[in-house]
Amino acid sequence: MANQMAIEKYEEIINGNQIDCEFDIMPNYIYSKENEFKIFKEVEAAKRLGLPAEYTKETTLPFAVKAAVRFNHQAQFHPLKFLDAIANKLTIYEHTRVTEVRDDGTILTDQGSVKAKSTVIATHYPFINVPGYYFFKLHQERYYLSALEGCYSKHKASLDGMYLDADPQGYSLRNYKDYVIFGAVNHRSGEYKPKDAYQRIEDAARRYYPEAKIKYIWSNQDCMTPDSIPYIGRYSASTPNLYVATGFNMWGMSTSMVSAMIISDMITGKKNEYRKVFYPRRLMLSGSRKLLQSAGIITNSLISEHLKIPRDNLKDIKVGQAGIVNRSGQKYGVYRESEDRYYYISTKCPHLGCSLEWNQNELTWDCPCHGSRFDYRGRLINNPAMRDVFDACQRKKK
Ligand code: FES
């Protein structure tokens, strides 16, 4: 219901301000290729909540499904065009890194300090470890996608909406202009498998759209909560004027609007019926083991034996790949860029010290605990880590 309310809010803002951001109302489908009963139960649950859901076996997908839930009156839009229009009315200080948030509302940055009555941490992964302890109750996942061109040249009907498989390893499909945005393959950030995510996408795309060309490929990263419900509200019990919005579980467009509505109501002292649902401390109060496992704190984060290079001979690393070598009793991650160029990194994550894993799909070093990522030279790509693992000048030749 909260997400449905968010879609209506977008519609109101976009129409009210005449924002040209390709906002289109269309159905969203959750389908299953295997489990009709699961879909049936989803439809029943959605209807009980008053959501616009229908059971169907009819889709415009290029493969057969057992069943699908069709949610009417959903929407897609161009988020950057929307943000551009919104940002025009605001004063935004870019390239200003916050280094500390104090209890009295003082915020230190690398450009100076500011004082605020209320502060919202909306930094994807919250960067303050204590209080809040979000590193106990969030992990990150990567999802791989492509844009296919030329899908509809002959026999295939265009997609009539947005499609998601109920199975997290299944396919997602939607149109954008003449492209089909085709997604597949999901894994926890920092898991080294699968190594062939883009090949799998290509194989599936060839099967369902043999005439199409893959025009673009990319992957994204999302903060996930153990109960699949975002954290929106007060950052911690001891920080009454500090708020957080995170853990959107891949539903960032609608959940960011939900966050804006809840947090602005909290700051202005209005009631909001969804506040309790997204209460950020709910899982800490139950103190479950699952919570700790999910955050990776008690995972076996030992250095990856599968990357270990026998005899520590750098020449055994293939060009375009990485390995782990021992130098003077210390383990290093090494990426071989060309015949004689290697980049060394420390595999200890600067966030809380877990061991980084190599991601062959993206040529990055990723942290399995909370999802910090670094390029093969060791430069920071994703928080919660706040610095590089090694600086680029650490490259060595053998
Ligand atoms: S991201 Fe937390 S230890 Fe690496």
Side-chain angles (χ1 to χ4, degrees), residues 97-101 121-143 186-193 219-226 230-231 235-236 244-250 252 280-281 283-284 287-307 322 324 330-335 343-392 394:
R97 179 181 286 233
V98 173
T99 52
E100 192 182 332
V101 179
I121 306 280
T123 52
H124 193 62
Y125 201 108
F127 68 95
I128 300 171
N129 290 330
V130 181
Y133 303 95
Y134 287 90
F135 59 88
F136 268 118
K137 47 188 185 178
L138 277 176
H139 72 275
Q140 301 202 58
E141 291 189 5
R142 294 203 73 70
Y143 189 59
N186 182 44
H187 66 80
R188 181 175 177 134
S189 301
E191 272 177 3
Y192 74 100
K193 283 182 181 170
S219 65
N220 58 24
Q221 181 148 309
D222 286 275
C223 291
M224 314 296 284
T225 58
Y231 301 127
Y235 199 90
S236 74
V244 68
T246 189
F248 292 170
N249 293 277
M250 302 190 182
R281 291 180 61 226
L283 297 175
M284 292 303 276
S288 74
R289 179 177 170 82
K290 189 173 169 227
L291 184 62
L292 298 176
Q293 278 170 336
S294 170
I297 297 301
I298 56 174
T299 58
N300 187 8
S301 185
L302 297 172
I303 195 75
S304 323
E305 288 306 314
H306 61 96
L307 280 175
I324 301 290
Q330 176 108 21
K331 283 174 176 160
Y332 291 95
V334 183
Y335 174 71
Y343 290 92
Y344 286 58
I345 61 123
S346 156
T347 51
K348 188 170 173 185
C349 178
H351 178 226
L352 293 174
C354 293
S355 294
L356 302 179
E357 274 282 2
W358 176 245
N359 179 341
Q360 186 61 39
N361 303 297
E362 295 289 348
L363 306 186
T364 54
W365 293 97
D366 301 350
C367 183
C369 288
H370 318 108
S372 293
R373 298 175 64 239
F374 307 85
D375 71 11
Y376 64 73
R377 297 177 175 205
R379 294 176 297 197
L380 180 66
I381 303 173
N382 280 107
N383 67 344
M386 302 273 278
R387 62 177 171 83
D388 301 340
V389 275
F390 255 14
D391 117 12
Q394 290 274 350

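Read the numbers this way: they start at 1 and go in the same order the structure lists the ligands and their atoms.
With respect to D388 and R379, no salt bridge is recorded, no charged nitrogen being found less than 4.0 Å from a carboxylate O.
Those atoms of ligand 1 with a heavy atom of C354 less than 4.0 angstrom away are 3 (S). Ligand-side atoms of ligand 1 in range of H351: 1 (S), 2 (Fe), 3 (S), 4 (Fe), range being under 4.0 angstrom from any heavy atom.
Among the atoms of C367, an N, O or S atom falls under 2.8 Å from atom 4 (Fe) of ligand 1. Checking H370 against atom 2 (Fe) of ligand 1, an N/O/S atom falls under the 2.8 Å cut-off.
Remark: side-chain polar atoms of Q140 are paired, donor with acceptor, to backbone N or O of H370 under 3.5 angstrom.
Aromatic pair Y335/W365: centroids not less than 6.0 angstrom apart. For an aromatic pair to be called close, the ring centres must be under 6.0 Å apart, and Y125 with F135 fails this.
In this structure, the protein non-hydrogen atom closest to atom 1 (S) of ligand 1 is S372 OG, 3.1 Å. Nearest protein heavy-atom contact of atom 3 (S) of ligand 1 is L352 N, 3.2 Å.
Ligand 1 has at least one atom lying under 4.0 Å from a heavy atom of G353.
Checking each of C354, P350, C349 against S372 for a side chain to side chain contact (heavy atoms under 4.5 Å, CB included) leaves exactly one that passes, namely C349.
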- Task: List the steps and the verdict of side-chain contact (heavy atoms from CB on, under 4.5 Å) for R142 and N361.
- Result: CA-CA 11 Å; R142 294 203 73 70; N361 303 297; over 6 Å; no
